[in-house]
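Note that the structure is a prediction, hence the values are computed from the model and not measured. Positions are given from 1, in the same order as the sequence printed here.
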Amino acid sequence: MEYGAASLLPPLVAILLAILTRQVVLPLLFGVGVGAFILSPQDATWAEPISGLVIAIWNSVSDHDHLLALAFSLLLGAMVGVLEAGGAMEDLVTKVARRIKSRRGAQTMIATTGLAVFF
């Protein structure tokens, strides 16, 4: 079955809602819901895509590897929150910003910081 342009609808809905609401989780849920409606059969009742969405979310949340990725993301976010609450992030940015003299230097600093956080 070819979905063509309809396959672009879920990410577009999620991106537009995220921009409009300035939130992330609810627009992502709506994007996944739109995808569930697109994947459901043409003659399906309104409850079938919703039950498919719930089953897909449950299967994803109950998967061991997905739980490990979720735990990593939550712990990384908690670490950044603690560093920010303690003032360490502002101090780090202030110290690093003194050394940046050009646009290329700023981009290099961003890339290096991203690599340092994840590796």
Side-chain angles (χ1 to χ4, degrees):
M1 185 177 267
E2 294 288 326
Y3 293 103
S7 65
L8 297 175
L9 198 56
L12 287 176
V13 167
I15 291 169
L16 288 174
L17 284 175
I19 291 170
L20 292 174
T21 63
R22 296 181 184 252
Q23 294 186 6
V24 177
V25 177
L26 199 57
L28 282 174
L29 185 62
F30 274 104
V32 171
V34 169
F37 275 98
I38 291 172
L39 290 175
S40 65
Q42 295 275 335
D43 59 347
T45 63
W46 63 272
E48 288 180 34
I50 294 173
S51 68
L53 173 65
V54 170
I55 291 169
I57 290 174
W58 177 256
N59 289 339
S60 178
V61 170
S62 63
D63 183 49
H64 178 70
D65 292 330
H66 289 179
L67 285 175
L68 289 176
L70 179 63
F72 173 77
S73 299
L74 290 174
L75 289 172
L76 184 64
M79 180 187 73
V80 170
V82 168
L83 291 173
E84 189 172 336
M89 285 297 230
E90 186 175 344
D91 188 41
L92 175 66
V93 169
T94 303
K95 286 181 181 179
V96 171
R98 280 190 240 143
R99 296 177 184 234
I100 297 174
K101 305 289 187 223
S102 67
R103 176 181 224 147
R104 179 175 285 177
Q107 290 176 343
T108 304
M109 188 271 302
I110 290 170
T112 306
T113 306
L115 287 173
V117 167
F118 287 104
F119 297 107

Met79 vs Leu76 side-chain heavy atoms within contact, under 4.5 Å: yes
Distance, nearest 0.5 Å, that separates NE2 of His66 from CG of Leu70: 10.5 Å
CG on Leu26 to OG1 on Thr21, rounded to 0.5 Å: 7.0 Å
Distance, nearest 0.5 Å, that separates CG of Leu92 from CG of Leu83: 9.0 Å
Neighbour count above 12 (heavy atom, 6.0 Å) for Glu48 CD: yes
Ile15 side, atom CD1; Leu28 side, atom CG - distance, nearest 0.5 Å: 9.5 Å
Heavy-atom neighbours of Phe37 CZ exceed 12 at 6.0 Å: yes
Within-4.5 Å side-chain heavy-atom neighbours: Val32 and Leu53: yes
Ile57 and Leu29, any side-chain heavy atoms less than 4.5 Å apart: yes
Closest heavy-atom pair and its distance - Arg98, Lys101: O-NZ, 3.1 Å
Ser60 OG to Ile55 CD1 distance, which is reported to the nearest 0.5 Å: 13.5 Å
Inter-residue atom distance Ile110.CD1 - Leu115.CG, 0.5 Å rounding: 12.0 Å
Joint hydrophobic cluster, Phe72 plus Val80, side-chain heavy atoms closer than 4.5 Å: yes
Ile100 versus Ala106, closest heavy-atom pair with distance: CG2-N, 3.6 Å
Smallest separation among heavy atoms of Gly31 and Ala14, with atom names: CA-CB, 4.2 Å
